[in-house]
Amino acid sequence: MVSVHGGRLRRAANICRAHPKVAVLTAPGAGPAELALMLRGVHRTFVVCEALGTPDEDVTVLTSDRIADHVWRDPNVVLVIGGGAQASAVDEAAGWLAGRPVGYPGAERGWALPGDAYAGAGRTEGEPGAPEALPAHVRALVLARLGARPGDLVWSVGAGSGALAVEAARFGAAVVAVEDSRSACARLTVNARRYGVEVETVYGSGPEVLGGLPEPDAAVVESGGLDVVRAVLARRPERFVALPRTLAEAQEVHRAIAGAGYRADGALLQATPLRPVGEGDGLALGTGGTGALVLWGEQIV
């Protein structure tokens with residue numbers, strides 16, 4: 001249940017993107033029609049209860065694409081229903097807790113899950129320029145810097161099979177994932193369904209595909225290059241993260257972040273797995289260590 005009072009229409013719309021059933025307490029000038037316009041392109045069913053407490057009180061059920069064609073009488077409230085997010089596991093909270101708490105992961109507890117928790121993590125082997133799946137420790141830092149929360153809209157650009165996008169959605173944020181591989185888009189949809197979250201998948205690449213997307217509160221560029229970084233920064237998300245592939249690219253991205261008026265920072269993360277030694281409890285460094293460059297920026301207030 002959310003309220004649009006105090007200029008929160010956009011945040012309420014993002015909750016409606018992220019969750020399958022949302023009650024919205026509307027306000028004059030921020031009613032059913034305005035909410036539907038914020039959700040254009042996202043199919044939902046609206047149950048509009050209008051003229052409440054008057055002899056003309058009425059309830060109307062319409063799809064979201066028809067809501068903006070009507071003039072709705074105040075006072076009113078809206079129930080927004082829809083989306084395909086269904087948890088694959090039995091909800092352990094059923095029977096004692098109404099709804100799903102923020103970050104509730106069904107059968108999977110925690111976040112920054114191992115890569116094999118996501119079907120087809122990374123991109124199809126052999127795809128030109130295909131990056132490897134992000135290691136869990138890298139995803140943990142990216143998610144911390146994004147700070148995704150209910151009411152936010154997060155962009156994941158170059159999302160691969162969607163490990164980051166799905167985990168941001170598990171924090172309660174609305175997520176739009178942009179990906180230029182149709183096979184990766186399909187795997188992303190599978191992963192979102194597996195964890196019972198709503199992720200809007202947009203097929204395409206380059207700055208041009210970003211023009212029609214709703215305004216982001218936070219954004220991560222997993223791949224796409226400097227032009228995509230600049231295009232995302234131009235939309236002024238409060239928090240921004242990029243994952244450059246080389247140190248030279250990192251320097252260019254850092255300049256772009258700082259030049260766009262953000263407080264820029266970054267880190268090189270390196271990790272080596274541990275492996276058991278012999279029959280005892282000893283541990284030794286394993287093979288296959290990974291390194292990743294992570295840059296981020298926060299708007300300077």
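- One finds the SG atom of Cys16 at 9.0 Å from the CG atom of Leu79 (value rounded to the nearest 0.5 Å).
- With hydrogens and angles disregarded, a donor-acceptor distance shorter than 3.5 Å links the side chain of Glu34 to the backbone of Gly31.
- Annotation: cation-pi pair Arg182/Tyr203 present, NZ/CZ under 6.0 Å from the ring centroid and within 45° of its normal.
- Of the possible polar contacts, none joining the Asp217 side chain to the Pro237 backbone as a donor-acceptor pair under 3.5 Å is found.
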Where do Glu215 and Arg235 land on the salt bridge (charged side-chain N to carboxylate O under 4.0 Å, His left out) test, with the steps shown first?
CA-CA 7 Å; Glu215 298 303 315; Arg235 298 293 291 272; 2.8 Å; yes
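- Distance check, rounded to the nearest 0.5 Å: CG of Leu143 to CZ of Arg139 gives 8.0 Å.
- In this structure, Arg194 contributes its side chain and Ala117 its backbone to a donor-acceptor pair below 3.5 Å.
- Across Pro32 and Val48, no two heavy atoms sit closer than the pair CG-CG1, 3.8 Å.
- Residues Ala33 and Ala68 approach most closely at CB-CA, 4.0 Å, considering heavy atoms.
- For Glu200 and Arg17, the salt-bridge test passes: some basic side-chain N is under 4.0 Å from an acidic carboxylate O.
- The hydrophobic cluster around Leu153 extends to Trp155, Val157, Val176, Val178, Val202, Val209, Leu210, Leu213, Val221, Leu226, Val228, Val229, Val232, Leu233, Phe240, Val253, Ile257, Tyr262, Leu295, counting ILVMFWY residues whose side-chain heavy atoms fall within less than 4.5 Å of a member.
- Put simply, Val241 and Leu141 are part of the same group of oily side chains (I, L, V, M, F, W, Y) that touch within less than 4.5 Å, one to the next.
- Under the 4.5 Å side-chain heavy-atom criterion for Ile, Leu, Val, Met, Phe, Trp and Tyr, Val197 and Leu146 are members of the same hydrophobic cluster.
- Using a 4.5 Å heavy-atom cutoff, the side chains of Ser223 and Arg245 are in contact.
- Nearest heavy-atom pair, Asn191 versus Ser161, reported as atom, atom and distance to 0.1 Å: ND2-O, 2.9 Å.
- Of the possible donor and acceptor atoms, none in the side chain of Trp72 sits under 3.5 Å from a partner among the backbone N and O of Cys49.
- In this structure, Ser156 OG and Leu188 CG are separated by 7.5 Å, a value rounded to the nearest 0.5 Å.
- Side-chain contact, Thr54 with Asp56: no donor N or O sits under 3.5 Å from an acceptor N or O.
- Grouped by direct or indirect side-chain proximity (heavy atoms under 4.5 Å, Ile/Leu/Val/Met/Phe/Trp/Tyr only), Leu274 sits with Leu283, Leu285.
- One distance of note links CG of Asp265 with CD of Glu298; it measures 9.0 Å at 0.5 Å rounding.
- Using a 4.0 Å cut-off between a side-chain N of Lys or Arg and a carboxylate O of Asp or Glu, Arg149 and Asp152 qualify as a salt bridge.
- Checking side-chain atoms of Glu179 against main-chain N and O of Ala184 turns up no donor-acceptor pair under 3.5 Å.
- Val142 and Leu293 fall into different hydrophobic clusters, where Ile, Leu, Val, Met, Phe, Trp and Tyr residues are linked whenever their side-chain heavy atoms come under 4.5 Å apart, directly or through other members.
- Atom CG in Leu37 sits 9.0 Å away from atom CG in Leu9 (nearest 0.5 Å).
- Under the 3.5 Å distance criterion, the side-chain polar atoms of Arg236 are matched with a main-chain donor or acceptor of Ala260.
- Using a distance-only test at 3.5 Å, with no hydrogens or angles considered, no donor-acceptor pair links the side chain of Ser64 to the main chain of Thr45.
- Considering every non-hydrogen atom in both Ala140 and Ala112, the closest pair reads CB-CB, 3.8 Å.
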Show, in sequence, the C-alpha distance, side-chain angles and deciding distance for Val24 and Val4, and conclude whether the side chain to side chain contact (heavy atoms under 4.5 Å, CB included) test is met.
CA-CA 7 Å; Val24 183; Val4 304; 3.7 Å; yes
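- Between Phe46 atom CZ and Leu62 atom CG the span is 10.0 Å, to the nearest 0.5 Å.
- Of all heavy-atom pairs between Val199 and Ala169, the closest is CG2-CB, 4.0 Å.
- The local environment of CZ in Arg8 is sparse, with at most 12 non-hydrogen atoms from other residues, nucleotides or ligands closer than 6.0 Å.
- The hydrophobic cluster containing Leu113 does not contain Val190, counting ILVMFWY residues as joined when their side-chain heavy atoms lie under 4.5 angstrom apart, directly or transitively.
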Stepwise side chain to side chain contact (heavy atoms under 4.5 Å, CB included) test for Glu249 and Leu247
CA-CA 5 Å; Glu249 183 183 349; Leu247 184 57; over 6 Å; no
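- With hydrogens and angles ignored, the 3.5 Å screen pairs a side-chain donor or acceptor of Arg170 with a backbone N or O of Gly110.
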Verdict with reasoning, Leu134 to Glu222, per side chain to side chain contact (heavy atoms under 4.5 Å, CB included)
CA-CA 9 Å; Leu134 289 178; Glu222 299 188 52; 3.6 Å; yes
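- Hydrophobic clustering (ILVMFWY, side-chain heavy atoms < 4.5 Å, transitive): Val2 and Val175 are in distinct clusters.
- Scanning all heavy atoms of the two residues, the minimum distance from Ala256 to Arg230 falls at CB-CG, 4.3 Å.
- The side-chain hydrogen bond (donor to acceptor under 3.5 Å, both in side chains) test with Glu167 is passed by exactly one of Trp111, Tyr195, Tyr118: Tyr118.
- The main-chain N or O of Ser205 is never found under 3.5 Å from a side-chain atom of Asp180 such that the two would form a donor-acceptor pair.
- Side-chain N or O atoms of Arg263 include none that pairs as donor or acceptor with a backbone N or O of Trp296 at under 3.5 Å.
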Would you please test Glu50 and Thr60 for side chain to side chain contact (heavy atoms under 4.5 Å, CB included) and show each step?
CA-CA 8 Å; Glu50 60 177 328; Thr60 305; 4.1 Å; yes
